Peer 1: 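Have a look at the structure that comes next, please.
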Amino acid sequence: MDNNKVIATIDISRPSGRKIVRELQNKRAVKLEYPSPVSKTYPLEEVYEKGLDKLSKHYGVDMRQLKSNL
């Protein structure tokens, strides 16, 4: 571990946390890292199928059948 670094967790859901981040982002010695909002990835085919399911349910029509009629 590098003894010349500090790791801090800042809660940006509060105004004071957002203010601290704004102040830090303009400093050359500071490197900000934001956690990825996505914790799990899904294959494209699975997302596509789930999207068709949701659209079918929402509109009350089988979207796969509509697609095959095109």
Side-chain angles (χ1 to χ4, degrees):
M1 179 165 203
D2 192 352
N3 291 332
N4 295 325
K5 292 184 180 181
V6 174
I7 298 173
T9 302
I10 302 169
D11 182 2
I12 59 172
S13 68
R14 303 183 61 116
S16 59
R18 290 190 294 271
K19 180 181 178 188
I20 292 168
V21 171
R22 278 195 311 272
E23 291 172 358
L24 289 175
Q25 67 188 11
N26 296 323
K27 307 293 184 194
R28 277 182 40 193
V30 175
K31 177 185 173 193
L32 296 176
E33 293 181 14
Y34 296 92
S36 175
V38 177
S39 59
K40 183 178 178 189
T41 59
Y42 297 91
L44 179 61
E45 296 80 17
E46 184 179 340
V47 173
Y48 180 76
E49 292 299 321
K50 286 188 182 238
L52 287 177
D53 291 340
K54 286 185 177 186
L55 287 170
S56 297
K57 183 178 177 185
H58 180 74
Y59 289 109
V61 177
D62 185 4
M63 290 296 178
R64 289 173 184 81
Q65 182 66 32
L66 286 176
K67 181 183 175 210
S68 66
N69 289 342
L70 292 177

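By convention here, the first residue in the shown sequence is residue 1. Heavy-atom basis, side chains included; hydrogens, waters and symmetry copies ignored. Remember, predicted model here, so these are calculated numbers, not experimental data.
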Peer 1: Considering only distance and modelled atom types, tabulate donor-acceptor pairs under 3.5 Å from the side chains of residues 10-20, sequence neighbours left out.
Peer 2:
residue, atom, partner, partner atom, Å
D11, OD1, S13, N, 3.0
D11, OD1, S13, OG, 2.6
D11, OD2, S13, OG, 3.3
R18, NH1, I12, O, 3.0
R18, NH1, S13, O, 3.2

Peer 1: List, by chain and then residue number, the residues other than V47 in its hydrophobic cluster (Ile/Leu/Val/Met/Phe/Trp/Tyr, side-chain heavy atoms under 4.5 Å); write none if there are no others.
Peer 2: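 Its cluster partners, ordered by chain and number, are Y42.
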Peer 1: Each residue besides V61 in its hydrophobic cluster should be listed here, by chain and number; the cluster joins Ile, Leu, Val, Met, Phe, Trp and Tyr at side-chain heavy-atom distances under 4.5 Å.
Peer 2: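 ILVMFWY cluster around V61 also holds Y48, L52, L55, Y59, M63, L66.
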Peer 1: Tell me, please, which residues at least two apart from P43 pass side-chain contact (heavy atoms from CB on, under 4.5 Å).
Peer 2: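 Only E45, E46 meet the side-chain contact (heavy atoms from CB on, under 4.5 Å) criterion with P43.
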Peer 1: Looking at residues at least two apart in the chain, or sitting in another chain, which of them share a salt bridge (charged side-chain N to carboxylate O under 4.0 Å, His left out) with K31?
Peer 2: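 K31 satisfies salt bridge (charged side-chain N to carboxylate O under 4.0 Å, His left out) with E33 only.
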Peer 1: Same cluster for L32 and V6 if Ile/Leu/Val/Met/Phe/Trp/Tyr side chains link at under 4.5 Å?
Peer 2: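 Not linked; separate clusters.
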Peer 1: For D53, which residues count as a side-chain contact (heavy atoms from CB on, under 4.5 Å) partner, sequence neighbours excluded?
Peer 2: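 Here the qualifying residues are R64.
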